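On a predicted model such as this, the values are computed, not experimentally measured, just so you know. In what follows, every chain begins at residue 1, and chains take the letters A, B, ... in the order their sequences are listed.
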Protein chains: 2
Amino acid sequence: MRLSREIFITETIKLLEEQGYHGTSTRSILNACGAQRGSLYHFFPDGKEELVVEAIQVQANVTANVMQAMFQECDTAEEAVFELMNAMAERGEANNFCVGAPVAAIAQESATTNHQLRIACRDAYRQLTDVIKEKLIADGIPQSKARSIAISVTATIEGAILLSRTEQTGAPLRDAAVSMYKLIEASK
Amino acid sequence: MRLSREIFITETIKLLEEQGYHGTSTRSILNACGAQRGSLYHFFPDGKEELVVEAIQVQANVTANVMQAMFQECDTAEEAVFELMNAMAERGEANNFCVGAPVAAIAQESATTNHQLRIACRDAYRQLTDVIKEKLIADGIPQSKARSIAISVTATIEGAILLSRTEQTGAPLRDAAVSMYKLIEASK
DNA sequence: GTCTATATAGAGATAGAC
DNA sequence: GTCTATCTCTATATAGAC
């Protein structure tokens with residue numbers, strides 16, 4: 001089969017979402033791609049770590065773009081965040097929560113044990129936080145306040161995905177959506 | 001050495017906190033306990049999974065007790081949550097964020113792949129959410145509202161721990177503490 | 001660029017002596 | 001209850017033919 005870095009990255013993101021870093025073997029990645037071992041090390045000479053770091057970066061870009069597109073449709077920042085979180089709840093319910101927070105699992109596992117991965121996760125979160133922050137600023141909230149709220153919203157989203165996955169229902173994401181709406185509204 | 005189930009559980013919690021489920025080998029647990037392989041399977045015939053399930057339960061109980069004790073010292077619910085989250089920021093900074101959310105890492109990894117672990121994590125979160133809910137109710141917030149806010153707060157705490165670990169600073173936890181204070185205050 | 005075979009290490013678990 | 005030896009499986013990575 002004609003392979004490419006892109007195919008590896010796409011399949012890796014999916015598996016990371018479900019199983020995290022240690023839980024995702026290069027074997028299962030190879031399997032998902034229909035590739036042989038040699039190809040992986042041809043495209044990613046530094047192996048699994050290199051592949052996962054790139055997967056995190058690609059995933060962050062994709063998510064940031066989706067969020068930005070969604071935010072443009074919403075007048076206020078509280079609406080934007082509310083819509084985003086409800087969309088996540090729906091997406092999760094449609095997929096039995098097999099998809100979720102690809103970065104979160106890696107971040108938890110690697111925060112204190114793998115520098116490269118930690119940095120990749122950190123930068124991914126900064127990118128997503130910035131998208132939220134910009135929407136808050138565009139909505140008239142002063143910069144330093146916007147920064148603090150954006151971090152809180154990012155935290156809440158990640159935690160709510162975790163709870164929704166654990167409960168196997170979108171309820172936590174929907175509850176948290178309401179709370180974030182109120183929080184942003186009250187901060188104006 | 002004279003061993004016990006308790007020693008295994010205590011050491012396992014510590015390792016899970018840093019490395020998650022797949023990242024924590026039974027070998028490293030044995031090492032930390034100064035135990036031999038046979039002892040583990042003597043105390044926990046079903047092996048790693050049984051041990052980890054118990055570790056999650058014990059950890060949930062300990063955390064719930066700490067929270068309850070802390071909450072008793074605080075007049076209002078918003079104060080209580082604020083104090084808790086700031087205490088977590090401090091604790092993290094004192095430990096280079098090597099400690100954190102033992103349940104979160106396992107929950108992420110096992111949500112879609114291991115039923116027993118998922119249930120243990122789910123119950124752990126329900127227990128912690130209940131502690132927060134009771135404080136909100138005691139503070140005069142009606143039950144259904146209290147439930148929804150408690151879930152949001154739990155989500156935010158878990159997410160903020162994740163961000164703090166990733167950034168290696170307590171800032172996200174402190175930002176989120178302020179936000180949760182505002183959220184609860186505005187919900188009265 | 002793709003394939004197979006292999007190297008090396010580590011995983012979780014079991015059996016049975018003491 | 002503890003220890004050691006061992007089983008089986010799987011992990012990541014490499015080498016070299018094609």
A.B. asks: Distance only, no hydrogens: is a donor on one side chain within 3.5 Å (strictly under) of an acceptor on the other, for E49(B) and N114(B)?
C.D. replies: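 There is such a pair (donor and acceptor under 3.5 Å, judged by atom type) between the side chains of E49(B) and N114(B).
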A.B. asks: For I29(B) and dA13(C), what is the distance between atoms CD1 and P respectively, to the nearest whole Å?
C.D. replies: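 Computing the I29(B):CD1 to dA13(C):P distance gives 10 Å.
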A.B. asks: Check F97(B) against S164(B) and note the closest heavy-atom contact, atom names and distance.
C.D. replies: CE2-CB, 3.6 Å
A.B. asks: In whole Å, I'd like the distance from the NE2 atom of H42(A) to the P atom of dT14(D).
C.D. replies: 15 Å
A.B. asks: When the distance from CD of Q36(A) to C1' of dG16(D) is rounded to whole Å, what number comes out?
C.D. replies: 16 Å
A.B. asks: Both G38(A) and Y21(A) contact DNA chain D. Which one's nearest nucleotide lies toward the 5' end?
C.D. replies: Y21(A)
A.B. asks: Measure from CZ on R27(B) to P on dG12(C) and round the result to the nearest Å.
C.D. replies: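 So the two atoms are 8 Å apart, to the nearest Å.
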A.B. asks: Roughly how many Å is it from CG in L51(A) to P in dA13(D), rounded to a whole number?
C.D. replies: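 Taking atom P of dA13(D) as the reference, CG of L51(A) is at 10 Å.
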A.B. asks: Does a salt bridge link E93(B) with R174(B), judged by any charged N lying under 4.0 Å from a carboxylate O?
C.D. replies: yes
A.B. asks: May I have the distance from K48(A) (atom NZ) to dG10(C) (atom C1'), rounded to whole angstrom?
C.D. replies: 13 Å
A.B. asks: Indicate, with a heavy-atom threshold strictly under 4.0 Å, whether T24(A) touches base, sugar-phosphate, or nothing.
C.D. replies: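 Result for T24(A) = sugar-phosphate.
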A.B. asks: Looking at Y41(B), does any N or O in its side chain come under 4.0 Å of the phosphate oxygens OP1/OP2 on dT14(C)?
C.D. replies: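 Checking dT14(C) against Y41(B), no side-chain N or O comes under 4.0 Å of OP1 or OP2.
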A.B. asks: What integer distance in Å separates L40(A):CG from dA5(C):P?
C.D. replies: 19 Å
A.B. asks: Using a cut-off of 4.0 Å on non-hydrogen atoms, how would the nucleic acid contact of G47(B) be classed: base, sugar-phosphate, or nothing?
C.D. replies: sugar-phosphate
A.B. asks: Is the phosphate of dG10(C), meaning OP1 or OP2, less than 4.0 Å from a side-chain N or O of S25(B)?
C.D. replies: no
A.B. asks: Could you give the CZ-to-P distance, from R37(B) to dT2(D), as a whole number of Å?
C.D. replies: 15 Å
A.B. asks: Pairing donors with acceptors under 3.5 angstrom, does anything connect the side chains of T63(A) and Q59(A)?
C.D. replies: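 Side-chain D/A pair, T63(A) to Q59(A): present.
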